Amino acid sequence: MKDGYGRDINYLRLSLTGRCNFRCKYCMPEEGIEKLPRKEILSFEEIVNLVGAASELGINKVRFTGGEPLTRKDLPGLVEMVDEIEGIDELSLTTNGSSLSGVAKDLSKAGLNRVNISIDAIDPEVFAEITRGGELSSVLAGIEAAKEAGLEPVKLNTVVMKGVNESEIAPLMEFAAEEGLVLRFIELMPMGEAAGGAIDPKPLDEVKRDVERVWSLEKVSGLRGNGPAEYFRASRGDLSGKVGFIFPLSKSFCDGCNRIRITSRGRVRPCLARDEEYDLEINEDTSVDDISSRLRKIIKDKPYGHKWEKHDETAGEMSEIGG
Ligand code: SAM
Ligand code: SF4
């Protein structure tokens, strides 16, 4: 459906859990987050009703995220249930990839179309430092399994922080080009652990300049995706690949915004860069029609213009909302 500004809202990002097996410095507190009682997290049945209601309003693309969505038991089971919902044409997953290797094939069979895998370093020590103990090898195995399972294009998401992983830009570019993966650099957003200046983000125009020191970039359009990334073909000698830059801070993309987000507790976040959240108050007895009418109102009132234009921070934890 169209929101009050005439934007066609067809994309739902759904966080399945706030919990994660990694503790990325900019995303999760070192001690992790409090475990919520099970009934506070949307059950698979509630998710199916929710997606069914969203599809009645014109949502045709769904992405599962988290926290780490693969920490939810039987994700392929959920994928299968959601894949059967009429009107859902594309089902994708954002994951840290560390548990993907054992389940990529099952996810693909269940109806998952593609994955984005977050990887902020290709040096195992830098990777472990950022994730506070994460094992790079598990993520590399996940990437390989995703390719083998045909969950393509496999996109990599990378956040660059000054003094932390700037030196990873060139090796990650090389790795992605060699492996046929689409690498996307994402500007660090001032929320959660990254709020309050605790982490020094590397502005994306600087990241792009670093890339251009070594690679020739030529703008491309038409790469499959739902978001505000600018994509380029990167070439260096015989090697070529695709690289994207996602500029949530320095370039506003409200005009083309097509999405809503829902947290694992069933709260709708119509804009990532603003504080508003609306509880859908879903429980096992809530009908699809009720969810649909609550969602309709929230989408109609989806705001325009975000706080980051004024360089404010926004409330909420990225791990609850899902990025
Ligand atoms: N655990 C999964 C993963 O890491 O891909 C899914 C959830 S994670 C919150 C989704 C994405 O949000 C990741 O690519 C992560 O790097 C990104 N992210 C987390 N905090 C961020 C922040 N403050 N600014 C920009 N991106 C952030
Ligand atoms: Fe976990 Fe993803 Fe957050 Fe890292 S970015 S702590 S992998 S939810």
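Read the numbers this way: they start at 1 and go in the same order the structure lists the ligands and their atoms. Here the structure is a predicted model, which means the values were calculated and not measured.
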Could you list which atoms of ligand 1 come closer than 4.0 Å to a heavy atom of [X]?
X: Thr65; answer: 6 (C), 7 (C)
X: Ala194; answer: 23 (N)
X: Leu188; answer: 22 (C), 23 (N), 24 (N), 25 (C)
X: Thr95; answer: 2 (C), 3 (C), 5 (O)

Self-check item: Qualifying residue, where the test is side-chain contact (heavy atoms from CB on, under 4.5 Å) with Leu16 and the options are Leu78, Thr65, Ile41
Solution: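 Going through Leu78, Thr65, Ile41 one by one, the side-chain contact (heavy atoms from CB on, under 4.5 Å) with Leu16 is satisfied by Leu78 alone.
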**Prompt:** Per the side-chain contact (heavy atoms from CB on, under 4.5 Å) rule, which among Asp123, Ile119, Thr131 passes with Leu136?
**Reply:**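 Only one option passes, and that is Ile119.
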At what distance, to the nearest 0.5 angstrom, does CE of Met1 lie from CG of Leu57?
->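 So the gap between those two atoms works out to 6.5 Å.
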Note to self: With rounding to the nearest 0.5 angstrom, report the CG to CD distance, Asn113 to Glu152.
What the structure shows: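 With rounding to 0.5 Å, CG (Asn113) is 12.0 Å from CD (Glu152).
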Is [X] touching ligand 1 with its side chain, its backbone, both, or neither, if touching means heavy atoms under 4.0 Å apart?
X: Asp120; result: neither
X: Thr94; result: both
X: Asn157; result: side chain

Note the single closest protein heavy atom to [atom], along with its residue, its atom name and the distance in Å.
atom: atom 2 (Fe) of ligand 2; result: Cys20 SG, 4.4 Å
atom: atom 26 (N) of ligand 1; result: Val159 CG2, 3.8 Å
atom: atom 20 (N) of ligand 1; result: Met318 CG, 3.2 Å
atom: atom 6 (C) of ligand 1; result: Gly67 O, 3.3 Å
atom: atom 12 (O) of ligand 1; result: Gly323 CA, 3.9 Å
atom: atom 5 (S) of ligand 2; result: Cys27 SG, 3.7 Å

Geometric N/O contact [X] with ligand 1, under 3.5 angstrom:
X: Met189; value: yes
X: Glu68; value: yes
X: Tyr26; value: yes

Is [X] close enough to touch ligand 1? Criterion: a residue heavy atom under 4.0 Å from a ligand atom.
X: Glu193; answer: no
X: Gly97; answer: no
X: Gly322; answer: yes

Short N/O/S contact of Cys24 with atom 3 (Fe) of ligand 2 (below 2.8 Å):
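Short answer: no, not a single N, O or S atom is under the cut-off.
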**Item:** Aromatic plane relationship, Tyr5 with Tyr304 - under 30° parallel, 30 to 60° tilted, over 60° perpendicular
**Value:**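 Tyr304 vs Tyr5 ring planes: tilted.
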Margin query: Apply side chain to side chain contact (heavy atoms under 4.5 Å, CB included) to residues Lys242 and Leu183 and explain how you reach the verdict.
Written below: CA-CA 7 Å; Lys242 284 199 185 105; Leu183 177 61; over 6 Å; no
When the ring centroid of Phe245 is compared with that of Tyr231, is the distance short of 6.0 Å?
->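 Between Phe245 and Tyr231, the centre distance exceeds or equals 6.0 Å.
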Does a salt bridge link Asp255 with Arg7, judged by any charged N lying under 4.0 Å from a carboxylate O?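 Between Arg7 and Asp255 there is no salt bridge, as every charged N stays at least 4.0 Å from the carboxylate O atoms.
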task = Run the salt-bridge test on Glu90 and Arg114 with the 4.0 Å N-O cut-off and return the result as yes or no.
result =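 Counted as a salt bridge, because a side-chain N and a carboxylate O are separated by less than 4.0 Å.
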Looking only at non-hydrogen atoms, find the nearest pair between [X] and [Y] and report the distance.
X: Val79; Y: Leu112; result: CG1-N, 3.5 Å
X: Leu93; Y: Leu107; result: CD2-CD1, 4.0 Å
X: Ala149; Y: Ser108; result: O-OG, 3.0 Å

### Message
I'd like the name of whichever of Ile117, Asn96, Thr131, Asp120 reaches closest to atom 7 (S) of ligand 2 through any heavy atom.
### Response
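Nearest heavy atom to atom 7 (S) of ligand 2 lies in Asn96.
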| field | Minimum non-hydrogen distance to atom 4 (O) of ligand 1, winning option of Ser118, Gly66, Pro69 | value |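 It is Ser118 whose heavy atom sits nearest to atom 4 (O) of ligand 1.
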- At a 4.0 Å cut-off, with the gap strictly under it, does some heavy atom of Gly67 reach an atom of ligand 2?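 Judged by the 4.0 Å heavy-atom criterion, Gly67 does count as contacting ligand 2.
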Worksheet item: Among the clusters formed by ILVMFWY side chains lying less than 4.5 Å apart, do Ile260 and Val48 turn up in the same one?
Response: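 Hydrophobic grouping puts Ile260 with Val48.
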- Check the pair Asn21, Thr71 against side-chain hydrogen bond (donor to acceptor under 3.5 Å, both in side chains), reporting the backbone distance first and the verdict last. CA-CA 8 Å; Asn21 55 325; Thr71 61; over 6 Å; no
